[in-house]
Number of protein chains: 2
Amino acid sequence: MAITISEQISQGLADRIVSGAIRPGEKLEEQVIANEFDVSRTPVRDALRQLAATGLVEIRPHKGVTVTDIGEDRLHDMFEAMGELEALCAKLSAQRMNAVERKKIELIHRESAEYAEASDEPAYADANERFHDAIYVGAHNASLKSITEGFRRRLAPFRAKIFFQISNRILSSYSEHELILEAILAADRERAYEAMRNHIAASSLNVIDYMMAARTGSDVKEKTDRAAEALTAANN
Amino acid sequence: MAITISEQISQGLADRIVSGAIRPGEKLEEQVIANEFDVSRTPVRDALRQLAATGLVEIRPHKGVTVTDIGEDRLHDMFEAMGELEALCAKLSAQRMNAVERKKIELIHRESAEYAEASDEPAYADANERFHDAIYVGAHNASLKSITEGFRRRLAPFRAKIFFQISNRILSSYSEHELILEAILAADRERAYEAMRNHIAASSLNVIDYMMAARTGSDVKEKTDRAAEALTAANN
DNA sequence: TTTCTTTATTTAGTATACATAATTCTCTAT
DNA sequence: ATAGAGAATTATGTATACTAAATAAAGAAA
């Protein structure tokens, strides 16, 4: 697949926004970016348009491009919507997955068990992605898959790599997946829906707290750990 | 609000795609469009990027831009997803609308009654938009509102103006709205959800048939009328 | 005649140059 | 000294020119 330069730039900028290297509200000047990537302004403009489409940046005519500043309540909204979309996928998957698809997601889940036990964060994060992907596919609705994936991409900035480093988050994630998988294999639509909704809600607690901590520049690890404790307490 | 040229072009092209002047699969050449709008290729490229973001066109590197060709099964997917999103909005509206919002949607619905009786298609279509908008707002989730509106825009090409000209479609639409409204005012989440899902499903039947007819160039009015009859039969 | 290769043409991708709008800075007047 | 108006600067929007890639066409070989 012949990757165009503007796409590379778009990708590069997205990574830097995701990693927090570029902060919300910050202005992105075309010429500066062009210099850094050693290209002209033209592909940079293309890239910024693409980012604007994903909502990562905002363009105002003659006023330039700024990284979208998403407040806490807006983030709540996003996770609620994300939760509903994923839960819908889970519901449809419970109803529509064929035997092969059911076997596949089961294998992914079993595989992730090893990573969870070994506390292998990168491997678990990868398996996690595949688990959710399998559910998008299993819903057998290309449009739904597309918008849910889009939302996931949009939320990626706030689901940074540190996420699974939070105390116990891997283990609780794994047990939540277990419930989702059981419901899907049992073709229990409503249980799958509820299990997924709960899973995303649990995630969002951590993520929102992490994100707000990063925003204010306070100690991320400390805050997320406290959030994890609160979550564990709430689950008991 | 200072509207930029690329936005005007984007708007103009969108209108033409929506109206069917430009057909699915058709290729959009930058220079041709630039000539028609009497501008250079630069703002045209901007415009095409924006359209690609909404899914109306597809861009493949070095292969140009084509109007997204949506097949019948893909259209089914889209309407199913749309139905779920709108139904979710209705569910949340039943739960979260405040007194003012409930009063407002009730008034919109009462107003639309007049248009339905008078068979005033344009007025009913407008009131219909406002009815659905009220439900998006009432869900109190900006993200959900945003993606649902986006989907509605994306489906606009297939919800052409002829829609409400279909025999009895206005009347059945009105009675479906009645059920949705009742459920919302009664704060009955599940009933609101089901009523909206049914409403969108009913719409989609007509639209999909209309769209496929337009695609093949056969007599649209005839086909949609037959679809309406089938729908009426199914409802009894 | 048909097929493969090479060349030519067309069109998208990128760079540079110019125009216009917005911001900032300075100078003047109160 | 401060506030406002105007000029200068900066950055975005647009146009033109150039490069590279993909497709079409033409010619040569089987």
Side-chain angles (χ1 to χ4, degrees), chain A residues 1-17 21-70 146 153, chain B residues 1-18 21-70 153-154 157:
Chain A
M1 171 172 172
I3 199 94
T4 171
I5 287 189
S6 65
E7 285 177 273
Q8 291 182 48
I9 296 169
S10 172
Q11 198 66 42
L13 286 177
D15 286 346
R16 285 160 65 177
I17 294 173
I22 309 177
R23 293 206 163 193
E26 200 167 324
K27 211 173 159 189
L28 295 174
E29 289 184 17
E30 299 178 352
Q31 190 60 59
V32 174
I33 298 169
N35 291 340
E36 288 184 27
F37 284 85
D38 203 43
V39 293
S40 81
R41 273 176 51 216
T42 310
V44 172
R45 284 175 61 80
D46 271 19
L48 291 176
R49 295 302 188 283
Q50 286 176 236
L51 292 178
T54 72
L56 223 60
V57 301
E58 283 174 345
I59 299 179
R60 264 123 60 187
H62 282 111
K63 298 196 85 176
V65 178
T66 53
V67 178
T68 304
D69 189 1
I70 298 182
S146 169
R153 262 199 303 280
Chain B
M1 173 172 171
I3 200 93
T4 170
I5 286 187
S6 65
E7 285 177 272
Q8 291 182 47
I9 296 169
S10 171
Q11 198 66 42
L13 287 177
D15 287 347
R16 284 160 66 176
I17 294 173
V18 165
I22 310 176
R23 293 210 163 191
E26 198 167 324
K27 216 174 157 189
L28 295 173
E29 291 182 17
E30 299 179 351
Q31 191 59 60
V32 175
I33 297 169
N35 292 341
E36 288 184 27
F37 284 85
D38 201 43
V39 292
S40 82
R41 273 176 52 221
T42 311
V44 172
R45 283 174 63 78
D46 272 17
L48 291 175
R49 293 303 187 284
Q50 286 176 236
L51 291 178
T54 72
L56 223 59
V57 301
E58 282 174 346
I59 299 179
R60 262 122 60 185
H62 284 109
K63 300 196 83 178
V65 178
T66 53
V67 178
T68 305
D69 190 2
I70 298 181
R153 262 199 304 281
R154 234 178 121 170

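Computed from a predicted model, the values in this text were never measured in an experiment. As a basis for the values below, the full set of heavy atoms in this structure was taken, side chains included, without hydrogen atoms, waters or symmetry mates. The chains referred to below are lettered A, B, ... by the order of the sequence lines, with proteins before strands, and numbering in each begins at 1.
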* Heavy-atom side-chain contact between B/Val57 and B/Ile17 under 4.5 Å -> yes
* Should B/Phe37 and B/Leu13 count as side-chain neighbours, where that means a heavy-atom distance under 4.5 Å? -> yes
* Please work out if B/Glu29 contacts a base, only the sugar-phosphate, or nothing of the nucleic acid, heavy-atom cut-off 4.0 Å. => sugar-phosphate
* Look at all strands and tell whether B/Gln31 reaches a base, only sugar-phosphate, or nothing, counting heavy atoms closer than 4.0 Å. => nothing
* **Residue met sooner reading DNA chain C from 5', once A/Pro43 and A/Lys63 are mapped to nucleotides** => A/Pro43
* A/Thr42 or B/Val65: which one's nearest nucleotide on DNA chain C is closer to the 5' end? -> B/Val65
* **Given DNA chain D, 5'-ward residue of the pair B/Asp38 and B/Lys27, judged by closest heavy atom** => B/Asp38
Find the distance [X]:[atom1] to [N]:[atom2] and express it as a whole number of Å.
X	N	atom1	atom2	result
A/Gln8	C/dT14	CD	P	9 Å
A/Ile5	C/dA15	CD1	P	6 Å
B/Ile59	C/dT11	CD1	C1'	14 Å
A/His62	C/dT20	NE2	P	10 Å
B/Arg41	C/dA12	CZ	C1'	6 Å
A/Ile33	D/dT12	CD1	P	9 Å
A/Ile9	C/dG13	CD1	C1'	12 Å
A/Arg45	C/dA15	CZ	P	14 Å

* Mind listing the closest non-hydrogen atom pair of A/Thr68 and A/Gly55 along with its distance? => OG1-O, 2.8 Å
* Asked: Do you know the tightest heavy-atom contact between A/Asp46 and B/Arg49?
  -> OD2-NH2, 3.0 Å
* To do: Please determine if A/Arg16 and A/Glu36 form a salt bridge, counting it only when a charged side-chain N lies under 4.0 Å from a carboxylate O.
  => yes
* **A/Thr4 side-chain N/O to C/dT14 phosphate OP1/OP2 under 4.0 Å** => yes
